[in-house]
Amino acid sequence: MRPLHILLAVSVAALWGVNFVVIDAGLDRFPPLLFCALRFLAAAVPAVFLVGRPQVKWRWIIGVGLVLGVGKFGLLFIGMRAGMPAGLSSLVLQVQAVFTALFAMAALGERPGRARLVGMGVALAGIGVAAVDEGASGPLLGFTLVLAAAAFWGVSNVLTRKAAPPDALRFIVWVSTVPVLPLLLLSLVFEGPAADAGALRSADWSGVGAVLFVAWVSTVLGFGAWGFLLRCYDASAVAPFTLLVPVFGMSSAALLLGEGVSPLRWCAAALLVGGVALTSLTSRAARPRAVPAGTPLPPRPAGRSPLPADASASRTPS
C-alpha cells in the first residue's frame, strides 16, 4: 500500500477506537437505545438523499439494518451502559471474526483451514481470560451483552457477504435508515417516554457532539475512507488495520477515561488480537490492485464482502 493510504487506514482505525470513548460520553447523556437511534438517524439523514438508490435488494438492507443496528449496536450500548468499560468493549467486539467464521461455515458452506481453527481457539481463550478479569473487577452482565453484540456482528457480516454491495458507503447509509424506528419504539417501551423526553430536553453540546461524532465521523467518514481503500486494494491488504482498533480503543480509554489495564487484560488482548489475526487473515493472499481514476468497478462476486471480515463491515462501524 502507498504510505498515504497506510496513514489513512491507521487514521480510520484510530477514529473507530476513539469512538468507544465518545460512545461512553454519549451514554452519560442519553439512554442507550435512544442514543443508538439518534446515531443512526444522524448517519442516515441527509446522507440518504445524496448517495443515490441502494444497489442491493431491500431484504439485505432490512436484514443487515435490524441485525447490525438493533442487535449489535443496541446490545453494545446497553452493555456499556451496564458497566462494560469502553476499552474492553473495543477488544471483546473483535471476537466477531470468530462468530463470522462459525456462521459462514453454517450458512455459506465455508470450511476453515487448520490455522484458522487454531486462531479461533486462541481468540476464544482470550475471551475467557477477559471474562475472568471482568468477573473479578466489574459486572459480567455488561460483558455478556457486548459478547452477544459481537455475535450479532458476525451474523451481519454473513448477510453482507450474501448481499455483496458494490458501494460500501451507500450500503451503510441505507442500512442506517432501518434501525431508527425499531430502536425508538424499544426505547419508549423499555426506557420510557419520560426518560427519553428528559434526555432530549437536557441535551447539551457534549451530547449532540457525541451523536454527530459516532454518526458522521465514525460511520459516514470512516466508512467512506474504508470503502475507498477497499476499492484500491484487496480486503486482505486492508483488513489487518482493523486489529489496531482495540489498541486505540484501550489506549484512548486509559488516557481520557482513566480506565486501568490490568496484566490479565493485556494477556486477553494479546490472545484475542493474535487469534483474530489468524482467523481473519490466514489463507489470504494480499495483493494490491491499482484502480485507474474514473474506471467503473464491476460488482463483487457473491462470496466476498466489500467490508472487511472483522468492522463491520463492519467491517461495520462501532
Side-chain angles (χ1 to χ4, degrees), residues 7-48 50-51 68-70 72-81 84-91 93 146 149 153 168-169 172-173 175-177 179-180 183-184 187 196 199-200 202-229 241-242 244-259 307 310-318:
L7 178 61
L8 179 61
V10 173
S11 298
V12 173
L15 285 177
W16 285 345
V18 173
N19 190 54
F20 286 89
V21 174
V22 179
I23 290 172
D24 188 81
L27 290 172
D28 287 337
R29 292 161 175 83
F30 300 102
L33 292 174
L34 176 63
F35 183 38
C36 197
L38 293 174
R39 173 246 179 93
F40 283 108
L41 178 62
V45 180
V48 72
L50 304 175
V51 298
L68 184 71
V70 180
K72 184 248 181 172
F73 282 106
L75 289 173
L76 170 65
F77 283 25
I78 295 172
M80 291 181 65
R81 183 64 174 266
M84 183 68 166
L88 186 58
S89 297
S90 71
L91 176 66
L93 274 181
V146 174
W153 195 355
L169 176 61
I172 198 63
V173 167
V175 162
S176 296
T177 66
V180 176
L183 285 168
L184 285 175
S187 179
D196 289 352
L200 292 173
S202 61
D204 55 13
W205 285 109
S206 297
V208 173
V211 171
L212 296 182
F213 185 95
V214 298
W216 291 354
V217 178
S218 174
T219 302
V220 178
L221 178 61
F223 269 92
W226 200 254
F228 166 77
L229 291 171
F241 289 94
T242 59
L244 295 175
V245 172
V247 175
F248 286 112
M250 295 177 69
S251 300
S252 60
L255 290 173
L256 300 176
L257 301 178
E259 291 185 3
L307 307 176
D310 118 291
S312 144
S314 237
R315 303 215 163 187
T316 47
S318 15

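Counting from 1, the numbers follow the sequence of the chain as shown. Basis for what follows: all heavy atoms, side chains included, without hydrogens, waters or symmetry-related copies.
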Exercise. Report yes if the side chains of I172 and L68 come closer than 4.5 Å at any heavy-atom pair, otherwise no.
Key: yes
Quiz item: Hey, what do you get for CZ (F77) to CG (L33), rounding to the nearest 0.5 Å?
Solution: 10.0 Å
Exercise. Mind checking the CD1-CG spacing from I23 to D28? Nearest 0.5 Å is all I need.
Key: 12.5 Å
Exercise. Enter the distance from L184:CG to C36:SG here, rounded to the nearest 0.5 Å.
Key: 10.0 Å
Quiz prompt | Closest approach of F20 to M80 (non-hydrogen atoms, all atoms of both residues) | solution = O-CE, 3.5 Å
Quiz item: Under 3.5 Å, is there a donor-acceptor pair between the side chain of S252 and the main chain of G249?
Solution: yes
Self-check item: F248/L15 under side-chain contact (heavy atoms from CB on, under 4.5 Å): CA gap, chis, key distance, verdict
Solution: CA-CA 8 Å; F248 286 112; L15 285 177; over 6 Å; no
Self-check item: Min side-chain heavy-atom separation L76-W153 under 4.5 Å
Solution: no
Practice problem: Mind checking the CG-CG spacing from D24 to L256? Nearest 0.5 Å is all I need. | Solution: 10.5 Å
Self-check item: S90 (side chain) donor-acceptor with V247 (main chain) under 3.5 angstrom
Solution: no
Practice problem: Over all heavy atoms of both residues, which pair between L169 and V220 is shortest? Give the atoms and the distance, please. | Solution: CD1-O, 3.6 Å
Quiz prompt | Pair V146-L75, side-chain contact (heavy atoms from CB on, under 4.5 Å): steps then yes or no | solution = CA-CA 6 Å; V146 174; L75 289 173; over 6 Å; no
Exercise. Can you see which heavy atom on L244 is nearest to which on A13, and at what distance?
Key: CB-CB, 3.9 Å
Quiz item: What's the spacing between L93 CG and T242 OG1 if we round to 0.5 Å?
Solution: 12.0 Å
Self-check item: T177 vs F40, side-chain contact (heavy atoms from CB on, under 4.5 Å): CA-CA, chis, key distance, verdict
Solution: CA-CA 7 Å; T177 66; F40 283 108; over 6 Å; no
Exercise. Check S176 against A43 and note the closest heavy-atom contact, atom names and distance.
Key: OG-CB, 3.9 Å
Exercise. Could you tell me which non-hydrogen atom of A253 sits nearest to which non-hydrogen atom of G87, and how far apart they are?
Key: CB-N, 3.6 Å
Quiz item: Quick one: does W216's side chain have a donor or acceptor within less than 3.5 Å of a partner on L221's backbone?
Solution: no
Exercise. Applying side-chain hydrogen bond (donor to acceptor under 3.5 Å, both in side chains), name anything that partners R81, two or more places apart in sequence or on another chain.
Key: none
Quiz item: Could you walk me through whether L229 and F241 pass the side-chain contact (heavy atoms from CB on, under 4.5 Å) check?
Solution: CA-CA 11 Å; L229 291 171; F241 289 94; over 6 Å; no
Quiz item: For the residue pair W226 and W16, does the interplanar ring angle fall in the parallel (under 30°), tilted (30 to 60°) or perpendicular (over 60°) class?
Solution: tilted
Quiz item: Any side-chain heavy atom of L34 sitting closer than 4.5 Å to one from L200?
Solution: yes
Quiz item: Within the side chain of E259, is there an N or O that forms a donor-acceptor pair under 3.5 Å with the backbone of P85?
Solution: no
Exercise. Working to the nearest 0.5 Å, report the span between CD1 of I78 and CZ of F35.
Key: 13.5 Å
Self-check item: Under 3.5 Å: donor-acceptor pair, side chain of S187, backbone of L183
Solution: no
Quiz item: Of the non-hydrogen atoms in A44 and V173, which two are nearest, and what is the gap between them?
Solution: CB-O, 4.1 Å
